[in-house]
Amino acid sequence: MEEKGKVVLLGSGFSMFGMRAKIALREKGIKYEYIEEDLTNKSTLLQEMNPIHKKIPVLIHHGRSICESLIIVEYIDMVWHNNTPLLPSDPYHRAQARFWADFVDQKIYYASRRVWTSKRDEQEVAKKDFLESLKQLEKVLGDNPYFGGDTFGFVDVALIPFYCWFYTYETFGNFKVEEVCPKLISWTKRCMQKQSVSETLADEKEVYESVLDYKKFILD
């Protein structure tokens with residue numbers, strides 16, 4: 001921990017938020033140590049490095065902690081700014097990227113979570129909210145290869161980890177994202193051609209099995 005410039009990432013299992021940090025680090029070609037956290041028995045290190053929320057991911061650089069996934073990605077982009085920029089240099093486009101990344105957190109995450117945690121009428125509302133939010137993002141994407149235009153960027157990093165959860169949402173909600181947002185699925189396949197993404201995203205079936213185990217655990 002005292003090694004100068006050492007980069008450590010605290011993460012956990014199938015967290016899409018932790019995957020964001022991994023993708024950003026790999027895009028930049030940064031070597032780092034990964035520590036898997038058991039969130040049912042949080043380590044002393046996690047509690048010391050994120051004493052407010054005690055959540056992952058946490059990036060530790062020069063022995064100092066950076067918390068919250070989007071803040072971590074932006075920190076990585078600023079510190080290693082000469083390698084593969086993720087945020088646009090133009091202030092307006094940078095602000096737009098931050099807005100849509102926050103949209104992913106505020107809309108996509110909460111709606112998608114309700115798809116597999118809710119029942120009946122509430123689940124139908126969650127499905128509608130989730131798909132409508134994806135449609136809005138598809139409009140933002142337009143005909144561009146990536147949300148950053150021709151280059152993989154901040155919004156792409158924010159959203160692509162959700163892709164390995166799509167199978168879970170679709171199975172619980174009985175729908176197909178591709179039928180509603182075909183351009184978005186084309187985008188996911190394009191992102192998966194990037195090594196930083198393909199080597200980071202969890203297997204969709206393993207994600208689904210972990211959700212089943214979690215639901216059994218909370219029901220027992």
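Hydrogens, waters and symmetry mates play no part in the numbers below; they use all other heavy atoms, side chains included.
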### Query
Can Val155 and Val157 be said to form a side chain to side chain contact (heavy atoms under 4.5 Å, CB included), step by step?
CA-CA 5 Å; Val155 181; Val157 175; over 6 Å; no
### Message
With side chain to side chain contact (heavy atoms under 4.5 Å, CB included) as the criterion, how do Leu137 and Ile108 come out once you've worked through the C-alpha distance, each side chain's angles and the decisive distance to 0.1 Å?
### Response
CA-CA 10 Å; Leu137 284 171; Ile108 300 296; 3.8 Å; yes
### Query
Can we call the ring centroids of Trp165 and Phe162 under 6.0 Å apart?
no
### Task
For the residue pair Arg26 and Thr200, confirm or rule out a side-chain donor-acceptor distance under 3.5 Å.
yes
### Query
Between Ser198 and Gln193, is any side-chain donor less than 3.5 angstrom from a side-chain acceptor?
no
### Query
Excluding sequence neighbours, so at least two apart, what forms side-chain hydrogen bond (donor to acceptor under 3.5 Å, both in side chains) with Asp77?
Lys28
### Message
Which residues pass the side-chain hydrogen bond (donor to acceptor under 3.5 Å, both in side chains) test with Glu179, not counting sequence neighbours?
### Response
none
So, do [X] and [Y] sit near enough that their side-chain heavy atoms are less than 4.5 Å apart?
X: Ser15; Y: Ile56; result: yes
X: Met16; Y: Tyr109; result: yes
X: Leu10; Y: Pro57; result: no
X: Pro145; Y: Arg190; result: yes
X: Glu36; Y: Ser12; result: yes
X: Leu201; Y: Met192; result: yes
X: Val180; Y: Leu134; result: no

### Query
ring pair (Phe, Tyr, Trp, His ring centres under 6.0 Å): which pairs involve residues 129-158, sequence neighbours left out?
Phe130-Tyr169, Tyr146-Phe152, Phe147-Trp187
Minimum-distance pair of heavy atoms, taken over all atoms of [X] and [Y]:
X: Ser133; Y: Phe103; result: O-CE2, 3.6 Å
X: Cys191; Y: Val197; result: O-CB, 3.4 Å
X: Met49; Y: Gly63; result: CE-O, 3.9 Å

### Task
Could you check Val58 against Val8 for side chain to side chain contact (heavy atoms under 4.5 Å, CB included), going step by step and ending with a plain yes or no?
CA-CA 8 Å; Val58 176; Val8 178; over 6 Å; no
Neighbour count above 12 (heavy atom, 6.0 Å) for [X] [atom1]:
X: Gln47; atom1: CD; value: yes
X: Asp38; atom1: CG; value: yes
X: Lys107; atom1: NZ; value: no
X: Lys55; atom1: NZ; value: no

### Query
Between Asp105 and Arg20, is a salt bridge (charged side-chain N to carboxylate O under 4.0 Å, His left out) present by the stated rule, with each step listed?
CA-CA 12 Å; Asp105 280 3; Arg20 287 174 173 172; 2.6 Å; yes
Indicate yes or no for a side-chain donor-acceptor contact from [X] to the backbone of [Y] under 3.5 Å, with no hydrogens or angles considered.
X: Glu37; Y: Ser43; value: yes
X: His93; Y: Pro88; value: no
X: Asp102; Y: Phe99; value: no
X: Lys31; Y: Lys6; value: no
X: Lys54; Y: Pro51; value: yes

### Query
What's in the same ILVMFWY side-chain cluster as Ile76, cut-off under 4.5 Å, chained through other members?
Val7, Leu9, Leu25, Ile30, Tyr32, Tyr34, Leu59, Ile66, Ile71, Ile72, Tyr75, Val79, Trp80
Could you give the side-chain donor-acceptor pairs of residues 120-129 under 3.5 Å, partners two or more places apart or in another chain?
residue	atom	partner	partner atom	Å
Glu122	OE2	Ser118	OG	3.3
Gln123	NE2	Val115	O	2.8
Gln123	NE2	Phe172	O	3.1
Glu124	OE2	Lys127	NZ	3.2
Lys127	NZ	Gly173	O	2.7
Asp129	OD2	Arg114	NH2	2.9

### Query
Hey, quick one: are Leu86 and Met78 part of the same hydrophobic cluster, counting side-chain heavy atoms closer than 4.5 Å, chains of contacts allowed?
no
## Note on the structure
Here the gap from Cys181 atom SG to Lys176 atom NZ, rounded to the nearest 0.5 Å, amounts to 14.0 Å
### Task
Find the distance between NZ (Lys205) and OG1 (Thr168) and round it off to the nearest 0.5 Å.
10.5 Å
### Task
Flag the pair Lys135 and Glu138 as a salt bridge only when some basic side-chain nitrogen lies within less than 4.0 angstrom of an acidic carboxylate oxygen.
no
### Summary
Residues passing the salt bridge (Lys or Arg N to Asp or Glu O under 4.0 Å) test with Asp143, sequence neighbours excluded, are Lys183
### Query
Checking salt bridge (charged side-chain N to carboxylate O under 4.0 Å, His left out) for the pair Glu27/Lys194: CA distance, chi angles, key distance, verdict?
CA-CA 9 Å; Glu27 277 292 297; Lys194 297 183 68 64; 3.5 Å; yes
